[in-house]
Amino acid sequence: MKAPASPIVIAIDGTSASGKSTNARLVAKALNFVYVDTGAMYRTLAWYCLKKRVDINDAKAVADLCRRWKTKLICSDGQARLLVDGYCPESEIRTTETSAAVPHVAAVPKVRAWMKRTQRACLQFGSLVMEGRDIGTNVFPETDYKFYLDASLEERTRRRVADGVRENLAARDERDSQRAAAPLMIPLGAVIVNNSGQTPEETSAFILAEIHRRQQARRDRLGPRLNAEAT
Ligand code: DC
């Protein structure tokens, strides 16, 4: 795809282990857009709270740490990342301990406001494929390209176990959906993709076809002004 005249955002939301990361990466690669894993941003803050021994159940302490947090948003290898003290944590943010801590951190309204600002700032890197829980509802509600991924609980649990992580996905989904601040929900206008039994190639091909269909519909609606966005 030729670079669009102004950056566009593909929002991919969904439940835990619904294939958001795998598919968002495939779609970003196919379109040559920057990939943004917003779950990794929340995980990075949760990891940092544990590292600094901040009580993750103390919302004020978590918000204070976030406010004082010296971190830098960078783009490397086609992915936006948070640099913490000159370092991008990877395996540390995927541990069972961090996975258990992250919903508490993600429920703090001041943390979510910080994340929203930082995630919107990713536009400086160009067009984005951004995955998370509130991208289509809260971070980029204005985008025309919204997807909501889901799969059966059994299949999602199998995927997590294959990744070497044991966690109660139903409980995490419940917490993500019930929290007061930007809960997980299906964005208005989103294409719902239940990918149980599908390969990532099948799911990402479906998403790409839908993006192209929506772009064509947008061009038909808005006319030649949008030719710069031609595929
Ligand atoms: O996608 P993930 O499992 O890496 O997400 C980690 C946690 O962060 C999950 O409990 C939900 C939360 N999260 C969120 O609240 N909003 C986002 N945009 C992304 C993740």
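All ligand and atom numbering here is 1-based and tracks the order in the structure. By convention here, the first residue in the shown sequence is residue 1.
Interface of Arg160 with ligand 1, defined as ligand atoms under 4.0 Å from a residue heavy atom, comprises 3 (O). In summary, the atoms of ligand 1 found under 4.0 Å from a heavy atom of Arg179, numbered by their order in the structure, are 14 (C), 15 (O). Near Thr38, with a cut-off below 4.0 Å to any heavy atom, the atoms of ligand 1 are 17 (C), 18 (N), 19 (C).
Look at Glu97 and Lys51 and you find no salt bridge, because none of the NZ, NE, NH1 or NH2 atoms lies under 4.0 Å from a carboxylate O. Salt-bridge annotation for Arg179 and Asp173: absent, with no side-chain N of the basic residue lying under 4.0 Å from a carboxylate O of the acidic one. We find that Arg214 and Glu210 are joined by a salt bridge, their nearest charged nitrogen and carboxylate oxygen being less than 4.0 Å apart.
In Gln119, neither the side chain nor the backbone holds a heavy atom less than 4.0 Å from any atom of ligand 1. Only side-chain heavy atoms of Arg43 come within less than 4.0 Å of ligand 1; its backbone N, CA, C and O stay farther off.
Closest protein heavy atom to atom 1 (O) of ligand 1: Arg133 NH1, 2.9 Å. Atom 7 (C) of ligand 1 has its closest protein heavy atom at Arg172 NH1, 3.4 Å. In terms of protein heavy atoms, atom 11 (C) of ligand 1 is closest to Asp176 OD2, 3.4 Å. Of all protein heavy atoms, the one lying nearest to atom 20 (C) of ligand 1 is Gly39 CA, 3.6 Å. Annotation: atom 16 (N) of ligand 1 to nearest protein heavy atom, Arg112 NH2, 2.9 Å. Distance from atom 12 (C) of ligand 1 to its nearest protein heavy atom, with residue and atom name: Ala106 CB, 4.0 Å.
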Result block: side-chain N/O donor-acceptor pairs under 3.5 angstrom for residues 67-74, not counting sequence neighbours:
{"from": "Arg67", "atom 1": "NH2", "to": "Asp64", "atom 2": "OD1", "distance (Å)": "3.4"}
{"from": "Thr71", "atom 1": "OG1", "to": "Leu83", "atom 2": "O", "distance (Å)": "2.9"}

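Paired with Tyr35 under the rule side chain to side chain donor-acceptor pair (under 3.5 Å), one option of Lys29, Gln79, Glu131 passes, and it is Glu131. Under the side chain to side chain contact (heavy atoms under 4.5 Å, CB included) rule, Thr203 has a single partner from Thr22, Asn194, Leu208, Asn23, which is Asn23.
In terms of N/O distances under 3.5 Å, ligand 1 is approached by Asp134.
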Verify salt bridge (Lys or Arg N to Asp or Glu O under 4.0 Å) between Arg25 and Asp37, making sure each step is shown before the conclusion.
-> CA-CA 9 Å; Arg25 277 179 201 278; Asp37 176 357; 5.1 Å; no
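For Arg133, the salt bridge (charged side-chain N to carboxylate O under 4.0 Å, His left out) partners two or more places apart in sequence, or in a different chain, are Asp176.
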